[in-house]
Each structure stands twice: as C-alpha cells, then as structure tokens.
Protein chains: 2
Amino acid sequence: MHPILSISRRTRRTPFTEKNKAHGVSGYTVYNRMLLPTVFESIEADYHHLKEHVQVWDVSCQRQIEVTGPDAAELIQMLTPRNLAKMKDDQCYYLPVVDRNGGLLNDPVTVKHSADRWWISIADSDLMLWIKGLATGRDMNVDIFEPDVSPLAVQGPKSNALMARMFGEDIVNLKFFRHRKVKFMDTEFTVARSGFSVQGGFEIYVEGTQYAEPLWDALFDAGQNLNVRAGCPNLIERIEGGLLSYGNDMTLENTPYEAGLGRFCKGAAADGCIGADVLKLELENGPKQQIRGLKISGKPLPSSPTPWPITINGARVGQVTSAAWSPDLQMNIGLGMVNAAHWEVGSEVTVETETHGARTATLCGLPFV
Amino acid sequence: MHPILSISRRTRRTPFTEKNKAHGVSGYTVYNRMLLPTVFESIEADYHHLKEHVQVWDVSCQRQIEVTGPDAAELIQMLTPRNLAKMKDDQCYYLPVVDRNGGLLNDPVTVKHSADRWWISIADSDLMLWIKGLATGRDMNVDIFEPDVSPLAVQGPKSNALMARMFGEDIVNLKFFRHRKVKFMDTEFTVARSGFSVQGGFEIYVEGTQYAEPLWDALFDAGQNLNVRAGCPNLIERIEGGLLSYGNDMTLENTPYEAGLGRFCKGAAADGCIGADVLKLELENGPKQQIRGLKISGKPLPSSPTPWPITINGARVGQVTSAAWSPDLQMNIGLGMVNAAHWEVGSEVTVETETHGARTATLCGLPFV
C-alpha cells in the first residue's frame with residue numbers, strides 16, 4: 001500500500017545517498033527538493049536505537065544558504081524578530097523567519113561565522129528566494145548562494161563518545177548551539193552541538209562532497225563497539241521532544257506566537273524586522289491559536305497524512321498535525337494548534353481521526369518527555 | 001528496489017489524491033511540496049495511451065501564485081525578460097523568471113486576468129518567496145498568496161472531444177495559450193489551452209477544493225467511450241516533445257539563453273527586469289552552454305537520477321539531464337547542456353551512463369517529434 005517514489009535529478013540525491021542505501025534505508029521523504037531518509041529498520045526500532053545508542057543521520061536536505069558581504073548582518077536581522085545584537089561568531093541561533101504579515105516562512109538554525117558571513121540551515125521551504133528577493137528589492141550589497149555543504153548529524157546518548165573518538169576529547173566541551181572547527185583528512189568542518197532530536201548530539205557541516213563518504217566510513221569505523229547505526233529524524237522521538245516540523249506543525253498561515261516561539265521574538269519591534277508591526281500587535285492581543293501537546297486515548301494510531309480535526313461537542317477548535325504511538329509513554333501523542341478559547345492545558349477534547357474514529361484526548365504542555 | 005515515499009502533511013495531498021488512488025496510481029514524485037503522480041500502469045503504457053486517447057492529469061502541484069493590486073503589473077514585469085506590454089487579459093505566457101545574476105528561478109505559465117490580477121502557475125520552486133521578497137523590499141502595493149486552485153489537465157488527441165462534451169462545442173475554438181471561463185455546477189473555472197505534453201489539450205484551473213472530485217467524476221463519465229484514463233506528465237512524451245523540466249534540465253545555475261529560451265527574452269533591457277543587464281551581456285557574448293537533444297545509441301537505457309557526463313575524447317563537454325527510451329522512435333533520447341565549443345547539431349559525443357557504460361550519441365535540435 002506504500003507508494004513508490006520516482007527519483008530524478010530534481011529530487012536531489014545527497015553525497016550520502018549511496019551510504020544510506022548500503023545501510024538499508026527503507027523510506028524517504030523529499031525535503032528541500034532533496035532525499036531525506038525517514039525509516040531504516042522501522043520507525044519504532046529506529047526510535048529505540050536512537051534513545052539508547054548513537055546514530056549517523058544524512059540531513060543534507062538542511063541546505064545552507066550562505067549570506068556574505070558588507071550588508072549581511074543587516075539583512076539577517078531583517079529576516080527575524082529575534083534580536084541578534086549579542087550573537088557571537090561561534091553561535092547558532094534558532095530563528096523564526098516571517099513575511100510582512102508575520103507568517104512563518106521557515107524556522108532555520110543560523111550559523112554565524114562573522115558579521116559578514118552567515119549560514120542559514122533551512123527547514124523545508126526555498127528561503128533563499130525570499131532572502132534574494134529582499135536583498136534585490138533593497139539593493140543590498142550581499143552574495144546569497146547555496147554552498148556545497150551537507151550536514152551529517154550524530155545523535156543519541158553515545159554521541160559524545162563517538163565524536164570524542166573522531167575529533168578528540170575536547171569536543172565534548174562544545175556547548176549547546178555553539179560551533180567550532182574540527183580537522184578531517186586535509187580539510188576542516190564546522191561542527192555544532194545541535195540536531196533534530198532531544199537525545200543530544202552534533203551536526204557536522206560537511207563542506208565538499210568529496211569528503212562525505214570518507215567521513216561516513218570513519219564514523220562507522222570509530223563507532224563499531226558503540227552500536228552506531230544509520231538513522232534519520234524520528235517521528236516518535238521528535239514529537240515526544242516537542243520538536244516542531246515546518247510544513248507539518250506550522251506553515252506560512254501561522255505566526256511565531258501561534259507556533260509557541262514567542263521566546264524567540266523579543267525585540268521584534270525594536271529591531272525593525274520585516275513583519276515587526278504585525279507581530280507587535282499580536283503580542284499585545286495574543287494569538288488566535290497556539291500549539292499544544294495532545295495525549296490521545298486508546299490503542300496505537302497510525303500517523304496521518306492530513307490533519308485530524310480537534311472538536312469539543314462537535315465544534316471544531318483546532319487540528320492535530322503530527323501524531324504517533326509512543327512506546328516509552330505507552331500512549332498516542334500528538335502536536336496540534338488549538339483555538340485560544342479552548343487551549344488550556346488539561347482540557348478534554350475529541351480528536352477525529354481519519355481511519356480510527358473519534359478519540360478523547362487531553363491537552364498538555366510540551367515537551368512530553 | 002524502488003524506495004517508499006513517506007507522506008505527511010508537509011508533502012501535501014491534493015484534492016484529487018483519492019481519485020488518483022482509485023485509478024491505480026503506482027508512483028509519485030513530490031513537486032512544490034505536493035504529491036504528483038508519475039506512473040499509473042507503466043511509463044510506456046501510459047505513453048502509448050496518451051498519444052492515442054485522452055488523459056486526465058492531477059497537476060495540482062502547479063500551484064498558483066495570485067498577485068493582485070495596483071502594482072501587480074509592474075511587479076510581474078520585473079520578474080521576467082519577456083515583454084508583457086501587449087499581453088491580453090485572456091492570454092497565458094510562458095515566462096522565464098530570473099534573479100539578478102540572470103539565473104532561472106522558475107519557468108511558470110502566467111495567466112493574466114487583468115492588469116491588477118495575475119496567476120503564476122509555477123514549476124518546482126517556491127517562487128512565491130522571491131516575489132514576496134521583491135515586493136516587500138520595494139514596498140509595493142500588492143497582495144501575494146496561494147489561492148485554493150488546483151489545475152487538472154486534459155491531454156491527448158481526444159481532448160477536444162472530451163472537453164466539447166463537458167463544456168460545449170465552442171471550447172474547441174479556444175486558441176493555444178488563451179483562457180476563458182467555463183461553467184460547472186454552481187461555479188465557473190478558468191480553462192486554458194495548454195499543458196505539459198505536445199499531444200494537445202487543456203488545463204482546468206479548479207478553484208475550490210469541493211469541486212475537484214465532482215469534476216473528475218464528470219470527466220470520466222463524459223469520456224467513457226473515448227477511453228479516458230487517469231494519467232500524468234509522461235517522461236518519454238515530454239522528452240520527445242522537447243519540454244524542459246525545471247530542476248531537471250535547467251536550474252538556478254542556468255540562464256534562459258542556456259535553456260534555449262532566448263525567444264522569450266526579447267525586451268529584457270528595455271523593460272528593466274531584474275537581471276536585464278546580465279542577460280543583455282550574455283545576448284551579446286553568447287551563452288557558455290546550451291540545451292540540446294541527444295540521440296543515444298544502443299539498447300534501451302533506464303532513466304537516471306543523476307546527470308550523465310557528455311564527453312569528447314574523454315574530456316567533459318556537458319551532461320545529459322533527462323533520458324528515456326522512445327518506443328515510437330525506437331531509440332534512446334535525451335536532453336542535456338553542451339558547452340559552446342561542442343554544441344553543433346550533428347556532432348558525435350559520448351554519454352557516460354551510470355550503469356550501462358559509455359554510449360555514442362549525436363546532438364540534435366528540439367523537439368524530437
């Protein structure tokens with residue numbers, strides 16, 4: 001019943017695609033017009049392994065947008081309500097990026113190399129086109145391009161051990177959302193403590209396609225007795241951890257406040273980012289809806305390709321956008337937007353699944369674990 | 001050996017997805033973050049049927065960008081080197097859209113409703129972000145959004161017959177790349193004579209998700225004895241017809257001249273579109289490479305997910321970006337970019353396939369048929 005994916009040049013392969021195949025990838029999605037593995041053994045087996053050991057993830061689809069030039073810092077600050085004034089040259093920031101209506105265009109992690117050189121590690125939308133459009137419209141002095149950089153994530157509780165074997169013990173002192181250079185063969189890579197799981201880990205920004213397979217092999221050689229495995233962002237683990245997926249849990253139709261990202265919007269008005277006026281108004285009036293966790297009763301539910309309505313007494317009050325059965329919590333957990341009048345944590349609601357009927361659910365805060 | 005596609009809200013379903021399933025879709029790609037069928041029976045069987053009968057294609061992934069407001073016409077002209085001065089309110093134009101380096105951002109078909117209301121029917125990139133960025137950067141007075149419009153194509157030699165049964169005989173008088181309104185139930189749709197095949201046909205811009213399944217059913221009811229079938233853009237047929245696929249045959253790295261779209265770039269400098277200065281220089285100096293057809297010798301080749309190098313005496317002079325075995329031409333045909341020094345039609349080159357070794361090939365003009 002699972003549909004086949006037709007692959008062409010347009011659905012780009014990555015420098016690690018052959019390695020994923022050799023390690024038994026069994027499902028893909030297309031993310032930023034590039035292949036992203038979704039399953040190796042099974043989503044549940046991958047989940048248990050991720051929470052116990054260490055995995056190597058091909059997240060090349062987190063494409064980098066490089067912004068360089070004298071106007072780079074000014075341009076980056078225009079993109080986001082987050083205040084960048086104190087950002088250091090070895091920091092990564094999670095940045096809500098909004099249009100002039102305050103709608104989310106993307107939620108990238110931005111890597112600052114210096115005031116005039118940045119990487120924006122994007123979620124699933126062609127954010128480069130927005131940045132190019134703005135820079136062109138304002139005649140700004142910047143270069144904007146996609147460099148030959150393919151992130152490889154090392155995630156899981158044994159990630160410190162594996163990275164220390166690869167790059168020396170001092171790498172474990174790297175703080176959360178900080179980055180530094182590590183040497184590999186005749187080059188060096190930027191490495192950050194970050195990644196789309198809550199198990200801890202690193203992202204290696206592999207610059208130069210020719211280094212991708214040697215790095216992959218070196219990680220697997222070094223990690224043999226750590227039970228290292230190929231993996232990918234895991235649906236169950238990321239819902240447990242309350243990690244939002246752009247395009248799934250929030251879209252251009254949502255503001256950062258709706259997505260629960262208000263803490264990243266301080267200084268919007270002061271710094272005059274695009275959309276600041278709209279966001280300031282929303283901060284005063286409160287958002288119309290907001291993301292919540294849902295504990296959904298009953299037996300395991302499948303994930304759904306379309307949102308499930310959330311209702312109270314038959315009236316629609318929101319929708320579930322991601323859901324999965326959590327083996328560790330022994331319950332169905334979900335993420336969804338709920339209208340302001342009904343979003344109180346602890347409220348009972350009904351979730352109208354597509355194939356498994358109506359289920360009672362309780363709203364909760366995030367993360368689940 | 002075919003990989004499974006994991007579908008989530010992010011890889012959007014269309015208003016016709018359930019109908020595609022019911023009609024036996026067997027392969028998908030993801031196009032503009034939306035499902036696009038690639039195969040029903042087989043690419044060859046689909047091809048023979050398309051060239052003989054009539055097919056209904058779910059091309060919802062050709063998302064519309066609606067641009068409305070007093071500055072709409074000025075903004076649209078900024079996007080493209082094609083001169084829009086004489087474009088009528090019932091015309092569609094194929095538009096190369098370029099950035100300030102002259103690189104192709106998309107190659108949409110633009111539907112003009114009036115000077116202050118346009119639809120841009122996009123190929124596979126988030127062109128809306130470029131347009132929003134430009135409009136925001138220049139503080140232009142326009143609204144830019146994705147309306148609830150899902151194109152359904154009716155393609156094949158019997159498309160006139162089917163459309164006449166649906167909407168009356170006069171529809172066959174609609175000229176190429178012109179559009180008009182047709183009535184359906186309690187609404188009306190914009191219909192254009194256009195589509196991504198060279199078999200002739202129409203695209204129905206289905207406005208309102210609720211009308212999608214009724215329209216689909218009505219087309220199949222009306223077309224029973226025309227052997228109507230569900231279909232999709234066909235790899236073989238579109239290569240035969242010389243139809244380029246953005247992301248496959250040309251990318252941001254290519255200019256319109258390289259993609260053989262020079263005839264759509266008249267007036268670039270005069271109209272002051274973004275990138276006009278770069279395009280003007282290239283028009284004077286000639287492009288560095290250009291798209292060519294290739295007749296590739298030997299037994300049927302599979303399509304390739306990565307470009308095949310084109311070489312002469314071992315030196316790389318270009319690459320094949322799309323290829324297929326043509327049952328009607330009884331040869332392998334391909335599209336590729338070839339460097340200026342070697343692009344003469346009739347030249348013999350070598351194509352280095354990934355899995356089937358080196359093949360001799362001859363450069364040719366387009367289309368093949």
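In what follows, chains carry the letters A, B, and so on, assigned in the order in which the sequence lines appear, proteins first and then strands, with residues in each chain numbered from 1.
Only the side chain of B/Met128 comes within less than 4.5 Å of a heavy atom in chain A; its backbone stays farther off. Using a 4.5 Å cut-off between heavy atoms, A/Ile274 contacts chain B through its side chain alone, with no backbone atom that close. Using a 4.5 Å cut-off between heavy atoms, A/Leu252 touches chain B through its side chain atoms alone. For chain A, the nearby parts of B/Tyr31 are the backbone and the side chain; heavy atoms of each come within less than 4.5 Å. If you measure heavy-atom distances from B/Asn32 to chain A, the contacts under 4.5 Å come from both the backbone and the side chain.
Taking CZ of A/Arg33 as the start and CZ of B/Arg33 as the end, the distance is 4.0 Å to the nearest 0.5 Å. From A/Leu134, atom CG reaches atom CH2 of B/Trp130 across 10.0 Å, with rounding to the nearest 0.5 Å. Within the model, atoms CD1 of A/Ile144 and CG of B/Asn101 stand 9.5 Å from one another, a figure rounded to the nearest 0.5 Å. Between atom CG of residue A/Leu5 and atom CD1 of residue B/Ile4 there is a gap of 9.0 Å, rounded to the nearest 0.5 Å.
Interface check for chain A: of the options B/Thr38, B/Thr11, B/Leu36, B/Val25, the most heavy-atom pairs under 4.5 Å are formed by B/Thr38. Note on B/Pro307, B/Ser304, B/Ser322: by heavy-atom pairs under 4.5 Å with chain A, the leading option is B/Pro307.
The side-chain heavy atoms of B/Thr29 and A/Ser8, taken from C-beta on, include no pair separated by under 4.5 Å. Here the side chains of A/Arg10 and B/Val30 are not in contact, with every heavy-atom distance at 4.5 Å or above.
A search for side chain to side chain contact (heavy atoms under 4.5 Å, CB included) contacts involving B/Glu253 returns B/Thr251, not counting sequence neighbours.
The two residues A/Asp139 and B/Arg138 make their nearest non-hydrogen contact at OD1-NH2, 4.2 Å. Nearest heavy atom pair, residue A/Met140 against residue B/Arg100, reads O-NH2, 3.2 Å.
Residues of residues 66-76 of chain A having a heavy atom under 4.5 Å from any heavy atom of chain B: none.
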Checklist entry - Would A/Asp99 and B/Thr136 satisfy side chain to side chain contact (heavy atoms under 4.5 Å, CB included), going step by step from the backbone distance to the final call? => result CA-CA 8 Å; A/Asp99 69 6; B/Thr136 300; 5.9 Å; no

Next on the checklist: For B/Ser125 and A/Leu129: C-alpha separation, side-chain torsions, deciding distance, then whether side chain to side chain contact (heavy atoms under 4.5 Å, CB included) applies.
Outcome noted: CA-CA 9 Å; B/Ser125 77; A/Leu129 299 192; 4.0 Å; yes

